[in-house]
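Since the structure comes first, as structure tokens, the remarks are kept for the end.
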Amino acid sequence: MVSVSQPVGPVDVAVIGFPGDAESPAILRSIADAVDSGTVRVLDVAIVRRVDADEVVVRDLESGDDVGFAIDFPGLVSEEEALEIGGQIAPGEAAAVIVWENVWAARVGSAIRDAGGQLLTLERLPREDSDAMVQLINDDNDNDEGVQ
């Protein structure tokens with residue numbers, strides 16, 4: 001039986017498409033940094049590659065020196081799910097399927113509950129919206145600098 005530490009934070013699953021190989025050393029290093037900082041716990045990572053119209057190759061990454069961080073539940077993404085993802089990408093493309101626990105949110109959530117708080121709503125802004133918000137703030141700050 002697998003033992004899971006409590007509290008468990010929200011779990012995200014991301015499927016990230018790539019025009020070629022999905023196993024970038026820079027990406028693996030950035031994930032390792034997030035794990036080392038205690039921000040996330042990686043539960044599973046699968047690499048799906050569409051070789052041609054008829055062939056999809058799935059590689060479930062394992063913990064250790066290959067990736068530089070622990071993967072706590074390899075195989076969580078089923079081969080059936082990975083093959084389905086592979087069927088949706090073009091030949092010559094790849095996808096990384098990453099499942100992670102937001103450890104930081106578990107700690108914050110525990111503190112909120114201990115204080116009697118309750119999450120009422122949670123939304124994730126699309127990247128385009130957050131980029132537009134940052135641009136708006138920067139534009140506003142640039143306009144304020146000219147006012148004395």
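No experiment lies behind these values; they were computed from the predicted model shown.
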- line: One should read off an interatomic distance between E23 CD and F18 CZ, to the nearest 0.5 angstrom, of 10.0 Å
message: By the definition side-chain contact (heavy atoms from CB on, under 4.5 Å), identify the one residue from V56, L83, D60 that meets it with V48.
response: V56
- request: Identify the two heavy atoms, one from G20 and one from A94, that lie closest to each other, and give their separation to 0.1 Å.
  value: O-CB, 2.9 Å
field: Residues which pass side chain to side chain donor-acceptor pair (under 3.5 Å) with D36, listed by chain and number, not counting sequence neighbours
entry: none
- request: With the side chain counted from C-beta on, respond yes when E62 and I71 share a heavy-atom pair under 4.5 Å apart, and no when they do not.
  value: no
task: Could you list who else is in V57's hydrophobic cluster, with ILVMFWY side chains joined at under 4.5 Å, directly or through other members?
output: V51
query: Taking only residues two or more places apart in sequence, or in another chain, which ones meet D131 in a side-chain contact (heavy atoms from CB on, under 4.5 Å)?
result: R127
- prompt: Does CD belonging to Q88 count more than 12 external heavy atoms closer than 6.0 Å?
  reply: yes
task: Could you tell me which non-hydrogen atom of E101 sits nearest to which non-hydrogen atom of G9, and how far apart they are?
output: OE2-N, 2.7 Å
field: Distance in Å, L61 CG paired with I98 CD1, rounded so as to fall on 0.5 Å steps
entry: 9.0 Å
- request: Go through the structure and list residues passing side chain to side chain donor-acceptor pair (under 3.5 Å) with R50, not counting sequence neighbours.
  value: none
query: Quick one: side chain to side chain donor-acceptor pair (under 3.5 Å) partners of S24, sequence neighbours excluded?
result: none
For a quick test of your reading: what N or O donor-acceptor pairs under 3.5 Å do the side chains of residues 25-34 make, sequence neighbours left out?
residue : atom : partner : partner atom : Å
S30     : OG   : I27     : O            : 2.8

query: Which residues pass the side-chain contact (heavy atoms from CB on, under 4.5 Å) test with V99, sequence neighbours left out?
result: V11, V13, L43, D44, L76, V77
query: Honestly curious: do W104 and L122 fall in one hydrophobic cluster under the side-chain, below-4.5 Å linking rule?
result: no
query: Linking Ile, Leu, Val, Met, Phe, Trp and Tyr through side-chain heavy atoms less than 4.5 Å apart, which residues share a cluster with L136?
result: none
task: Identify, with sequence neighbours excluded, every residue that meets side-chain contact (heavy atoms from CB on, under 4.5 Å) alongside D52.
output: D54, E55
message: Side chains of V45 and V67, heavy atoms from C-beta outward: is any pair under 4.5 Å?
response: no
query: side-chain contact (heavy atoms from CB on, under 4.5 Å) between R113 and L119: does it pass, once the steps are laid out?
result: CA-CA 9 Å; R113 285 186 299 279; L119 180 65; over 6 Å; no
message: Hydrophobic cluster membership, with links at side-chain heavy-atom distances under 4.5 Å among I/L/V/M/F/W/Y: are V103 and I112 in one?
response: no
- line: Sorted by chain and residue number, the side chain to side chain donor-acceptor pair (under 3.5 Å) partners of E80 (sequence neighbours excluded) come out as none
- line: Tracing side-chain contacts under 4.5 Å among Ile, Leu, Val, Met, Phe, Trp and Tyr outward from V134 reaches none
- prompt: If two hydrophobic side chains count as joined below 4.5 Å and joins carry through other members, does V40 share a cluster with I16?
  reply: yes
query: Shortest non-hydrogen contact from P91 to A53?
result: CG-N, 4.0 Å
field: Spacing of Q135 atom CD and D140 atom CG [to the nearest 0.5 Å]
entry: 11.5 Å
statement: The side-chain contact (heavy atoms from CB on, under 4.5 Å) partners of D12 (sequence neighbours excluded) come to W100, N102, R124
